[in-house]
Each structure stands twice: as structure tokens, then as C-alpha cells.
Amino acid sequence: MSQGKLLLYRPLVCCEGTSAHNFRGKDLIVFLFEQSIIFSESGRKKNQFSNPVYQYKSHLQVNKMSLIEKVEDGDPLKFLLKSTDPHKPHLAFICQGASEDDRNQWVSQIRHLLQTQKDFLKAIQYPIAYQKEQTKNV
């Protein structure tokens, strides 16, 4: 519950790091929540008697993450998620969608989440200016 609502989850091919040139992706199950994105490996598959099992690998907090939509090798299926947390400055994942639509869905959801976080921060830091901006758009 503390992660917020689950927005998206499915397999992505991911590689830890920022270099797309030596991309050696691994099939990970990725869970995008309102507060974080969790990377896990798939263990036991779901059957009629049991639920699927996932092994946690890593996570990024949405409020300490940046999205880079185009990676250096130009692959249209890839995007980069980087930690902006000063305690984890080198944590980053290059992710590759199964298709362009899949990749675009991930990027769109993450972009929307990051914009919502920015708007929320602006509303807290500058409430009067934020309120004026909101009423101007009505």
C-alpha cells in the first residue's frame, strides 16, 4: 500500500547501467507504482494451485528518478531510468519494451508520474503562484 496504486506491470528486458552499446538485457518483471518502480525476476509461474513468485532485484523511487526517453544507441524500443538519489547516484536501468507501443506506454506513464510529482512539489513550494496558474487555465 505504501507504494501507491499499481499502474503498470509486465516483462521488460532490462540492463543495469547507462550504456546502451553493450546492452545485455535480462527479462525482468517490472512493477510501476505511484511511488516507485520495482524490478524483479520471475520465479515460479502461476498455476491453479499457486500464485506466481517474484524475486526482488532493485527499485527506484519516482521522486528520485529521471527518465531519458532516447538512449545513445538510438534503439526506438529502449529508454533509460536513472536515480537522482544522492545515496544511489550510479543506479540506472536501460529498459527495452517488447514493441514500440509497449515502450511508449511505459514512457507515457512514467512521464505523467514525473510531471505529477513536479506539479505537486510546485504547489507545495509556491501555493499562491500555483493557484493563480490553475485558475488562469480555467
Side-chain angles (χ1 to χ4, degrees):
M1 293 303 281
S2 66
Q3 301 307 313
K5 193 166 65 173
L6 178 62
L7 303 171
L8 195 59
Y9 77 97
R10 66 172 67 109
L12 281 175
V13 178
C14 300
C15 176
E16 199 166 336
T18 59
S19 177
H21 291 298
N22 296 323
F23 184 78
R24 287 197 173 89
K26 209 173 179 184
D27 287 331
L28 297 180
I29 306 298
V30 182
F31 298 86
L32 177 62
F33 291 92
E34 290 171 318
Q35 302 299 320
S36 67
I37 186 164
I38 297 174
F39 300 89
S40 66
E41 285 185 347
S42 182
R44 187 177 68 227
K45 302 281 186 212
K46 180 180 178 171
N47 64 37
Q48 66 187 35
F49 303 110
S50 68
N51 288 323
V53 174
Y54 302 104
Q55 182 179 3
Y56 170 86
K57 288 295 170 196
S58 191
H59 76 280
L60 293 168
Q61 290 178 272
V62 171
N63 65 341
K64 295 178 182 173
M65 167 176 99
S66 66
L67 167 68
I68 296 159
E69 296 185 33
K70 304 257 188 256
V71 295
E72 61 197 25
D73 71 355
D75 187 330
L77 300 182
K78 293 178 188 166
F79 59 95
L80 173 63
L81 297 172
K82 285 178 73 170
S83 172
T84 58
D85 185 341
H87 301 294
K88 300 177 183 178
H90 303 293
L91 185 60
F93 288 90
I94 295 176
C95 301
Q96 180 177 318
S99 67
E100 224 167 311
D101 284 343
D102 186 44
R103 178 239 182 236
N104 291 342
Q105 189 175 10
W106 279 98
V107 167
S108 174
Q109 280 279 3
I110 294 166
R111 190 185 319 119
H112 176 72
L113 261 182
L114 292 173
Q115 186 60 51
T116 301
Q117 293 260 337
K118 248 188 232 173
D119 292 345
F120 183 68
L121 187 60
K122 190 192 296 185
I124 290 171
Q125 290 177 327
Y126 310 102
I128 295 170
Y130 181 78
Q131 187 64 36
K132 283 180 182 177
E133 188 178 306
Q134 293 303 305
T135 55
K136 180 176 71 175
N137 294 335
V138 175

Answer with yes or no whether the hydrophobic clustering places Leu32 together with Val107; edges join I, L, V, M, F, W, Y residues whose side-chain heavy atoms lie under 4.5 Å apart.
yes

Candidate pair Cys95 and Val30, rule side-chain contact (heavy atoms from CB on, under 4.5 Å), full reasoning
CA-CA 10 Å; Cys95 301; Val30 182; 5.6 Å; no

Specify the closest pair of heavy atoms between Gln117 and Glu34, including all atoms of both residues, with the distance to one decimal.
NE2-O, 4.1 Å

CG on Leu121 to CG on Asn63, rounded to 0.5 Å
9.5 Å

Quick one: closest heavy-atom pair of Thr18 and Leu80, and the distance?
CA-CD1, 4.1 Å

Enter the distance from Cys15:SG to Arg24:CZ here, rounded to the nearest 0.5 Å.
8.5 Å

Checking side-chain polar atoms at under 3.5 Å, does Gln105 have a donor or acceptor matched by the opposite partner on Asp101?
no

Excluding sequence neighbours, so at least two apart, what forms side chain to side chain contact (heavy atoms under 4.5 Å, CB included) with Thr116?
His112

Looking at Ser36 and Ile38, what are the two nearest heavy atoms and their distance?
OG-CG1, 4.0 Å

If you measure from CG on Leu67 to CD on Gln115, what distance do you get to the nearest 0.5 Å?
12.0 Å

Ile37 and Val62, any side-chain heavy atoms less than 4.5 Å apart
no

Ile68 with Leu81, same ILVMFWY side-chain cluster at under 4.5 Å:
no

Nearest heavy atoms of Glu69 and Arg111, plus distance in Å:
OE2-NE, 2.9 Å

Under a 4.5 Å cut-off applied to non-hydrogen side-chain atoms, are His59 and Lys88 in contact?
yes

Run the side-chain contact (heavy atoms from CB on, under 4.5 Å) check on Glu100 and Leu77 step by step: do they pass?
CA-CA 6 Å; Glu100 224 167 311; Leu77 300 182; 4.2 Å; yes

Quick one, Leu91 and Leu60 - any side-chain contact, counting heavy atoms below 4.5 Å?
yes

Backbone N or O of Met65 within a donor-acceptor pair of the Thr84 side chain at under 3.5 Å?
yes

Short question: side chain of Ser40, backbone of Ile29 - any donor-acceptor pair under 3.5 Å?
yes

Closest non-hydrogen contact found for Leu12 with Gln96 is CD2-O, 3.5 Å

Return each pair, listed once, that meets ring pair (Phe, Tyr, Trp, His ring centres under 6.0 Å) where at least one residue sits in residues 65-108; pairs must be two or more places apart or across chains.
Phe39-Phe93

Reported SG-to-CD1 distance for the pair Cys14 and Ile94, which is rounded to 0.5 angstrom:
10.0 Å

Can you sort out the partners of Tyr9 under ring-ring contact (aromatic ring centres under 6.0 Å, His included), two or more places apart, ordered by chain and number?
Phe31

Take a 6.0 Å sphere around CD1 of Ile124 and say whether it holds more than 12 heavy atoms from other residues, nucleotides or ligands.
yes

Assess the residue pair Leu28 and Glu41 against the criterion (side-chain contact (heavy atoms from CB on, under 4.5 Å)); give the C-alpha distance rounded to whole Å, side-chain angles, the decisive distance to 0.1 Å, and a yes or no.
CA-CA 5 Å; Leu28 297 180; Glu41 285 185 347; 3.5 Å; yes

Is Glu16 salt-bridged to Lys57, going by a charged N under 4.0 Å from an acidic O?
no

